[in-house]
Participant: 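Have a look at the structure that comes next, please.
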Amino acid sequence: MFRTASIALLILAAGTALAGPPQKISECNTTITDPGKYKVVRDLACPDGEMGIKILASDVKLDLHGHTISCETPVRSGVIVGDRDAPEVFSNVRISNGAVTGCAIGVLLNFTDGARVTKMELSSNAESAIT
């Protein structure tokens with residue numbers, strides 16, 4: 001009986017940690033490598049050569065929270081999922097509630113399964129809004 005109660009307590013504790021507040025993102029060139037919730041806390045103006053946000057994990061919810069990712073020159077993407085040089089498939093990725101402008105590609109989905117992009121304004125990106 002004691003062993004069962006301990007296991008249940010551990011499962012509840014793990015669930016509580018995952019349900020915590022979103023981690024805050026406040027700068028360009030941010031790479032997300034752990035599952036969880038993430039929230040952009042200010043507009044991101046990415047200088048030449050820097051990307052916006054790269055996601056290298058499954059089960060990620062990225063909320064731009066009404067903010068804009070903009071690129072100084074259109075050579076990078078605003079939000080990138082996956083890495084073409086390390087082709088791993090990431091699933092259950094959600095990107096929402098913001099804007100990407102002035103980048104090469106607004107949102108680039110490499111090797112994804114079940115990605116969802118909602119409530120995003122993707123404008124003035126040189127190559128495409130979503131690839």
Participant: Identify the two heavy atoms, one from P74 and one from A126, that lie closest to each other, and give their separation to 0.1 Å.
Facilitator: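 For P74 and A126, the tightest heavy-atom pair comes out as CB-CB, 3.6 Å.
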Participant: So, H67 versus D43: side-chain donor-acceptor pair below 3.5 Å or not?
Facilitator: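 Yes - a donor-acceptor pair under 3.5 Å links their side chains.
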Participant: Which atom names give the shortest non-hydrogen contact between H65 and D63, and what distance separates them?
Facilitator: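 Distance-wise, the nearest heavy atoms are N-OD1, 2.7 Å.
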Participant: Does a side-chain heavy-atom distance below 4.5 Å link S96 with L64?
Facilitator: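 Of all side-chain heavy-atom pairs linking L64 with S96, none is under 4.5 Å.
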Participant: Has the side chain of N29 got a donor or acceptor atom that lies under 3.5 Å from a matching backbone atom of M51?
Facilitator: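 Yes, the answer is positive, given that a donor and an acceptor are paired below the 3.5 Å cut-off.
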Participant: If we only count heavy atoms from C-beta on, is the V75 to D48 side-chain gap below 4.5 Å?
Facilitator: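 Yes, their side chains come closer than 4.5 Å.
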Participant: Work out which heavy atom in G52 is nearest to a heavy atom in C46; give both atom names and the distance.
Facilitator: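 Taking G52 first and C46 second, the nearest heavy atoms are CA-SG, 3.7 Å.
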Participant: Given side chains that start at C-beta, do those of T131 and L109 come closer than 4.5 Å, heavy atoms only?
Facilitator: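 Not in contact.
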Participant: Can you check whether G49's main-chain N or O pairs, donor with acceptor, with R76's side chain at less than 3.5 Å?
Facilitator: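 Such a contact is found between R76 side chain and G49 backbone.
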Participant: Any sub-3.5 Å donor-acceptor pair from K61's side-chain atoms to G36's backbone N or O?
Facilitator: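 No; judged by distance alone, with no hydrogens or angles, the pair does not exist.
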Participant: Shared ILVMFWY cluster between V117 and V93, side chains joined below 4.5 angstrom?
Facilitator: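 As far as the 4.5 Å side-chain criterion goes, V93 and V117 are connected within one cluster.
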Participant: Would you say the side chain of D83 lies within less than 4.5 Å of the side chain of E88, judging by non-hydrogen atoms?
Facilitator: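 The answer is no, as the side chains (C-beta and beyond) never meet within the 4.5 Å cut-off.
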Participant: Is it true that a side-chain atom of N125 and a backbone atom of C103 form a donor plus acceptor pair closer than 3.5 Å?
Facilitator: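 Judged by distance alone, yes, a pair lies under 3.5 Å.
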Participant: Under 3.5 Å, side chain of S58 to main-chain N/O of F90, donor-acceptor pair present?
Facilitator: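 Judged by distance alone, no pair lies under 3.5 Å.
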Participant: Any link between I32 and L108 through a network of hydrophobic side chains (Ile, Leu, Val, Met, Phe, Trp, Tyr) touching at under 4.5 Å?
Facilitator: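 No, I32 does not connect to L108 through the hydrophobic network.
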Participant: Please name the pair of heavy atoms, one in E27 and one in R42, separated by the smallest distance, quoted to 0.1 Å.
Facilitator: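 Taking E27 first and R42 second, the nearest heavy atoms are CA-NH2, 4.4 Å.
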Participant: Decide yes or no for L122 and I130: does some side-chain heavy atom of the first lie under 4.5 Å from some side-chain heavy atom of the second?
Facilitator: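 Contact flag for L122/I130 side chains = yes.
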Participant: For a 4.5 angstrom cut-off between non-hydrogen side-chain atoms, does Q23 reach I25?
Facilitator: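 No, every pair of side-chain atoms sits at 4.5 Å or beyond.
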Participant: Taking a hydrophobic cluster as the set of Ile, Leu, Val, Met, Phe, Trp and Tyr residues connected by side-chain heavy atoms closer than 4.5 Å, whether directly or through intermediates, do V107 and F111 fall within one such cluster?
Facilitator: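 They do not share one cluster, since no chain of ILVMFWY contacts under 4.5 Å joins V107 to F111.
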Participant: Given I53, which of T31, I80, V100, V40 fulfils the side-chain contact (heavy atoms from CB on, under 4.5 Å) condition?
Facilitator: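 Going through T31, I80, V100, V40 one by one, the side-chain contact (heavy atoms from CB on, under 4.5 Å) with I53 is satisfied by V40 alone.
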Participant: Distance from N110 atom CG to I55 atom CD1, nearest 0.5 Å?
Facilitator: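 That separation rounds to 11.5 Å.
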Participant: Hey, quick one: are I105 and I95 part of the same hydrophobic cluster, counting side-chain heavy atoms closer than 4.5 Å, chains of contacts allowed?
Facilitator: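 Per the 4.5 Å side-chain linkage, I105 and I95 are not co-clustered.
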Participant: I want to check something: taking the side chain as every heavy atom from C-beta on, are T101 and T68 in contact at a cut-off of under 4.5 Å?
Facilitator: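 A side-chain contact exists here, since the closest heavy-atom pair is under 4.5 Å.
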